[in-house]
2 protein chains.
Amino acid sequence: MADSLTLDPVDLEILRLLQNDARTTYRDLAAAVGVAPSTCLDRVSRLRRGGVILGHALRLDPAKLGRSLEALLSVQVRPHRRELIGPFVERVRALPESLSLFHLTGPDDYLVHVAVVDAADLQRLVLDEFTSHKEVARVETRLIFQQWSCGPLLPPGAAAT
Amino acid sequence: MADSLTLDPVDLEILRLLQNDARTTYRDLAAAVGVAPSTCLDRVSRLRRGGVILGHALRLDPAKLGRSLEALLSVQVRPHRRELIGPFVERVRALPESLSLFHLTGPDDYLVHVAVVDAADLQRLVLDEFTSHKEVARVETRLIFQQWSCGPLLPPGAAAT
DNA sequence: CATGAAACACGGTTCTC
DNA sequence: GAGAACCGTGTTTCATG
C-alpha cells in the first residue's frame, strides 16, 4: 500500500529539483528534466494525489522571529496509556514553542523539538508545561548547538546524481 | 541583529497562512488578510530579504518512497575535536538515509533522523556507516512510532488566533 | 498553441511625523 | 514638507487545457 506508485526516472528528477526549491515553475522543471511542461504538471499532480508529495511548507528562521534558542525535550509519560497520551500529544502540539513531536521506542517515550526566546523561557516552558503536569514522569533537556538539513529524500537505490 | 525586522499583525497573519500552504497566491492571501495583493507581495518580499523566510520546501512521505521505517540515532563522536567532527557531519549529511542532523549538548553529541526501508536496512546503516567508523564511540538507536507536525511558528507573545 | 490567471514593476495617493 | 506605506494599473510570465 505504501509503495503502490511506480516512480520512473522523470519522477525522481522532479522530486529532486522540487526539494531544492519548491517554487520552481513547471516550465523550468520541464526544461531541466527534458519533457513537456504539461507532462511535468501531470507528474506533479499524480505525485500529490498519490500522497508522495504531502504539501508545500515554508522554511522559517526561528531566530528571526525572536526564538533564538532551540532544544530537544525527552519526555517520559507515565502511565503510558491511551487515555493519557492522547491529551498529552494534543496539548504539546498546541504549544507555540513546539516545532515537531515524536513518539519513540526506548525509555523516553516522546521527543519534542522546541524553539524558545532564551534559557529563562526554556526553564519556564519545562516547568509550567511539562514537569508540573502529573502524567509527565521525567523530562530531559538538550540544547541544540547547530542543525543541518540533509540531501534530498529519494527511494532506496536511486542514484544521487 | 536577529530581530531587526519589525513584524506587524499583517506580517504575522501572512506567515501563519503561508505555513498552512506555501503555494497560496498573493490574491487569496490579500483577500484573507484584508490588504491589496500588491501589498502582500511587498510584505513577502520584505520577509524574504530580511531572512525570516528562508525558502520553500516540499513535504514528502518517506513511506511512499519505500522508506517505511524512521529512527533517531544518538551518536557519540570521540575525541570531539573539530578535525574529526567536520568530516563526520559532512559524511552523515551526504547519506541518502539522513533527513536531518543536530549537534546537541549532553552525553550524546549528535542526533540523526534517518528514514530506511526496514529493520535490516537500519542495521546495515548503523553498522556500516556509524559503528564501523573509528570516530564513532557509541550509537543509540530509537525507532519512531509516529510523528506530528505542530502549529505555525510565530514570535513569542503573538496571539495564536 | 491559445487562453486565462498570476506575478511583478511602476506611479499615484494618503497618512504620519 | 519628507518619508513610508498602501493601492490600482499595466506588462510580462506562467499555468493549464
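Chain letters run A, B, ... following the sequence lines, proteins first and then strands; every chain starts at 1.
- With respect to the salt-bridge test (charged N to carboxylate O, under 4.0 angstrom), the residues B:Arg23 and B:Asp28 do not qualify.
- Side-chain N/O atoms of B:Thr39 include one lying less than 4.0 angstrom from OP1 or OP2 on D:dC7.
- The aromatic rings of B:His103 and A:Phe145 sit perpendicular to each other, their planes meeting at more than 60°, with 30° as the lower class boundary.
- Side-chain contact between B:Val114 and B:Leu122 is present, with at least one heavy-atom pair separated by less than 4.5 Å.
- B:Asp8 has its CG atom 16 Å from the P atom of D:dA4, to the nearest Å.
- The aromatic rings of A:Phe88 and A:Phe130 sit perpendicular, their planes meeting at an angle over 60°, well past the 30° parallel limit.
- Using a 4.0 Å heavy-atom distance criterion, B:Leu41 is classed as a base contact.
- Residue B:Arg43 places at least one side-chain N or O under 4.0 Å from the OP1 or OP2 atom of D:dC6.
- For the pair B:Arg142 and B:Glu70, the salt-bridge criterion is not met [side-chain N within less than 4.0 Å of a carboxylate O].
- Near-neighbour residues of DNA chain D inside residues 23-36 of chain B, defined by a heavy atom below 4.0 Å, number-ordered: B:Val35, B:Ala36.
- Using a cutoff of 4.0 Å between basic side-chain nitrogens and carboxylate oxygens, B:Asp8 and B:Arg43 are scored as salt-bridged.
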